[in-house]
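The first residue of the sequence shown is numbered 1, and numbering continues consecutively from there.
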Amino acid sequence: MSPESAVNEEKKNFFSLKKHKKTPQEIELQIDSKVPQLSETEIKTFMETEMKMIHHDISEEKRINAKNSVEEYVYDMRSRLLDELNQYEQDNILNKLNQTEEWIYEDGQDQNEDIYKGKLSELMSLINPVFNRKQGYEQRWSVLMDFQNALAEAKNILKAYFSGDEHYSHVEVKDMEQVQRIIDENENWLKLQFKSLEELKTNSNQTIPIEVLMAQKEKLKEEIIPLINKPKPEGEACNTTEGQATQ
């Protein structure tokens with residue numbers, strides 16, 4: 001094929017292809033968006049159900065906590081009643097605690113929060129007076145022991161006086177006899193208080209107010225101290241000083 005013929009053939013093929021080429025067309029598609037949605041009634045029902053579940057969970061947690069509080073109180077108080085509170089417990093509280101423990105673990109006997117709270121309050125009303133007796137006993141025992149020590153000091157001074165201790169030689173006999181009477185009266189009073197104190201362990205209603213005991217101790221000091229601490233006469237004091245200087 002001649003070069004000219006070849007060129008003519010290529011032109012022919014080019015125009016043939018161009019004639020049959022298709023032009024693309026754009027088509028607009030309509031999209032209908034549909035999203036599943038609950039009705040207002042269904043939404044309200046679901047919300048109410050959820051709130052009921054939340055309320056139930058909260059109530060159940062409070063109920064369990066109340067039950068655990070009773071259980072812990074029973075264990076703690078039983079241990080203390082067998083130890084530090086033993087001598088103050090006279091109301092068979094241990095039996096009550098044991099009965100409460102059995103009640104807690106009875107099959108199918110789970111109670112609501114208010115019932116467990118009521119049971120705890122009931123136990124506390126029994127045991128709190130025991131703690132009060134213990135506290136009252138210990139406070140009064142301390143005051144009475146201080147009172148006893150004050151009496152012991154006064155008796156030692158009295159003994160020193162009648163043994164010829166020069167420190168008290170200037171005190172008149174009548175004053176020391178008065179001290180002796182005060183000591184005797186207060187010793188008798190103190191014995192009664194110690195006896196009465198023992199009754200406090202089992203009887204919360206019996207007791208002398210601690211303020212009265214403390215006031216009695218102060219009264220003892222006010223009556224005795226002026227008698228045994230009288231200053232020496234000036235002349236005797238000077239003589240004593242001169243004697244010490246001479247030595």
Side-chain angles (χ1 to χ4, degrees), residues 24-144 196-214:
Q25 297 181 356
E26 293 183 359
I27 300 175
E28 184 177 352
L29 299 176
Q30 293 184 353
I31 300 175
D32 189 7
S33 177
K34 292 185 178 180
V35 179
Q37 186 174 357
L38 298 175
S39 67
E40 291 186 3
T41 302
E42 290 175 320
I43 293 174
K44 183 178 179 181
T45 300
F46 283 134
M47 291 182 64
E48 290 176 350
T49 302
E50 184 178 3
M51 292 303 297
K52 287 180 181 179
M53 292 175 64
I54 294 174
H55 178 73
H56 177 269
D57 290 344
I58 294 174
S59 297
E60 183 65 8
E61 182 180 2
K62 289 182 178 180
R63 186 191 70 81
I64 293 174
N65 289 339
K67 179 180 180 180
N68 290 341
S69 295
V70 177
E71 182 181 23
E72 292 170 3
Y73 191 79
V74 167
Y75 291 157
D76 184 31
M77 291 303 107
R78 182 162 53 196
S79 174
R80 299 181 74 171
L81 285 169
L82 291 172
D83 185 20
E84 61 180 293
L85 299 176
N86 180 262
Q87 58 185 321
Y88 305 96
E89 197 277 294
Q90 298 292 329
D91 302 319
N92 295 322
I93 299 177
L94 281 173
N95 290 338
K96 184 65 176 179
L97 292 176
N98 292 334
Q99 291 171 5
T100 301
E101 183 181 22
E102 294 175 0
W103 171 78
I104 291 174
Y105 295 114
E106 284 181 359
D107 293 337
Q109 292 297 319
D110 280 342
Q111 308 294 335
N112 61 41
E113 178 190 5
D114 290 337
I115 292 180
Y116 285 123
K117 284 185 174 181
K119 180 63 67 174
L120 181 61
S121 296
E122 178 186 348
L123 294 177
M124 292 177 69
S125 67
L126 293 174
I127 295 178
N128 283 345
V130 181
F131 279 103
N132 292 338
R133 287 198 293 270
K134 178 178 182 295
Q135 183 182 29
Y137 179 88
E138 291 175 347
Q139 289 176 341
R140 286 163 177 77
W141 175 266
S142 178
V143 173
L144 292 181
S196 177
L197 185 62
E198 289 303 309
E199 298 177 6
L200 177 60
K201 292 181 178 179
T202 58
N203 183 3
S204 297
N205 297 325
Q206 178 281 325
T207 183
I208 292 179
I210 193 169
E211 293 80 9
V212 173
L213 301 181
M214 297 177 70

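- Between Ile115 atom CD1 and Lys67 atom NZ the span is 12.5 Å, to the nearest 0.5 Å.
- In this structure, Ile64 CD1 and Tyr116 OH are separated by 9.5 Å, a value rounded to the nearest 0.5 Å.
- No side-chain heavy atom of Met77 sits less than 4.5 Å from a side-chain heavy atom of Leu123.
- Shown here is Phe46, whose CZ atom has no more than 12 heavy atoms of other residues, nucleotides or ligands within 6.0 Å.
- Put simply, the side chain of Arg133 reaches to within 4.5 Å of the side chain of Val130, judged on heavy atoms.
- Side chains of Tyr73 and Thr100 form no contact here, defined as non-hydrogen atoms less than 4.5 Å apart.
- For the side chain to side chain contact (heavy atoms under 4.5 Å, CB included) test, residues two or more places apart in sequence or in another chain that qualify with Glu72 are Asn68.
- Ser142 contributes no side-chain N or O that, together with a main-chain N or O of Glu138, makes up a donor-acceptor pair within less than 3.5 Å.
- To the nearest 0.5 Å, atom CG of residue Asn86 and atom NZ of residue Lys134 are 12.5 Å apart.
- Residues Ile58 and Lys62 meet the side-chain proximity criterion, which asks for heavy atoms closer than 4.5 Å.
- Here CE of Met124 is found 9.5 Å from CZ of Phe131. Values are rounded to the nearest 0.5 Å.
- Within the 3.5 Å criterion, the main-chain N or O of Asp76 finds no donor-acceptor partner in the side chain of Arg80.
- Using a 4.5 Å heavy-atom threshold, the side chains of Tyr137 and Gln87 count as separate.
- Other residues, nucleotides and ligands place no more than 12 heavy atoms under 6.0 Å from the CD atom of Glu50.
- To the nearest 0.5 Å, the span separating CD on Glu102 from CG on Asn98 amounts to 7.0 Å.
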- For Lys119 and Gln111, run side-chain contact (heavy atoms from CB on, under 4.5 Å): C-alpha distance rounded to whole Å, both residues' side-chain angles, the deciding distance at 0.1 Å, then the answer. CA-CA 10 Å; Lys119 180 63 67 174; Gln111 308 294 335; over 6 Å; no
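- Two residues are said to be in side-chain contact when any heavy atoms from C-beta on lie closer than 4.5 Å; Asn65 and Glu113 fail this criterion.
- Looking at residues two or more places apart in sequence or on another chain, you find no salt bridge (Lys or Arg N to Asp or Glu O under 4.0 Å) involving Glu42.
- In this structure the side chain of Met47 never reaches within 4.5 angstrom of the side chain of Lys44, judged on heavy atoms.
- Counting only heavy atoms from C-beta outward, the side chains of Leu97 and Leu126 never approach each other to under 4.5 Å.
- For Ser59, the side chain to side chain contact (heavy atoms under 4.5 Å, CB included) partners are His55, not counting sequence neighbours.
- Note on Lys52 versus Glu48: no salt bridge recorded, every NZ/NE/NH1/NH2 to OD/OE distance being 4.0 Å or above.
- For the atom pair CD1 (Ile210) and CG (Leu144), the distance works out to 8.5 Å, reported to the nearest 0.5 Å.
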